[in-house]
Amino acid sequence: MIQLDSYATLVAATLVLLLGRLLVTRVGLLRTFNIPKPVAGGLVVALVLLLLRSTMQLELQFDTTLQTPLMLQCCSLKRSRIAIYRKTGL
């Protein structure tokens with residue numbers, strides 16, 4: 001089992017987001033069905049991790065100490081954008 005600290009977990013999450021961005025821009029089907037970039041990248045990485053675990057018994061363990069603060073920040077940013085859109089009428 002490989003354990004990733006918080007810094008390595010953030011780097012891995014960033015790479016997953018970049019992979020999703022690349023996939024959505026290059027695969028028209030993902031754009032057509034409006035698949036979010038984190039979902040596209042996360043699905044590919046989940047499948048790769050599943051293959052690693054089932055074939056090589058290699059397992060990754062991510063540090064989740066920053067999970068709650070980052071999720072709260074993401075939700076608060078979305079709410080502030082919604083409030084701005086409602087005020088401006090966009």
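Side chains included, hydrogens not; waters and symmetry mates left out as well; all remaining heavy atoms used. Numbers here are sequence positions counted from 1.
L30 contributes atom CG, which lies 10.5 Å from atom CG of L22 (distance to the nearest 0.5 angstrom). L51 contributes atom CG, which lies 10.5 Å from atom CE of M56 (distance to the nearest 0.5 angstrom). Once rounded to the nearest 0.5 Å, the distance linking CD of Q61 with CE of M1 reads 5.0 Å. Going from atom CD of E59 over to atom CG of L52 covers 11.0 Å, rounded to the nearest 0.5 Å. Here T68 contributes atom OG1 and M71 contributes atom CE; the two are 7.0 Å apart, rounded to the nearest 0.5 Å. Atoms CG and CG, on L29 and L23 in that order, are 12.0 Å from each other to the nearest 0.5 Å.
Every pair tested for salt bridge (Lys or Arg N to Asp or Glu O under 4.0 Å) that includes a residue from residues 1-28 fails, sequence neighbours excluded, so the list is empty.
In the hydrophobic clustering of ILVMFWY residues, with side-chain heavy atoms under 4.5 Å counting as a link, L43 and L17 come out apart. Linking Ile, Leu, Val, Met, Phe, Trp and Tyr residues whenever their side-chain heavy atoms come within less than 4.5 Å places V39 and F33 in a single cluster. When the side chains of ILVMFWY residues are joined at heavy-atom separations under 4.5 Å, either directly or via intervening members, L18 and V44 end up in two distinct hydrophobic clusters.
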Report the C-alpha separation of L58 and L49 in whole Å, then their side-chain angles, then the decisive distance to 0.1 Å, and conclude whether the side-chain contact (heavy atoms from CB on, under 4.5 Å) test is met. CA-CA 8 Å; L58 179 66; L49 291 177; over 6 Å; no
Check step by step if side-chain contact (heavy atoms from CB on, under 4.5 Å) holds for L15 and L19. CA-CA 6 Å; L15 292 175; L19 174 65; over 6 Å; no
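The minimum heavy-atom distance linking S6 with L66 is given by the pair CB-CD1, 4.2 Å.
For R31 (side chain) and V24 (main-chain N/O), a donor-acceptor pair under 3.5 Å exists by modelled atom type.
For L4, the side chain to side chain contact (heavy atoms under 4.5 Å, CB included) partners are I2, A8, T9, F62, not counting sequence neighbours.
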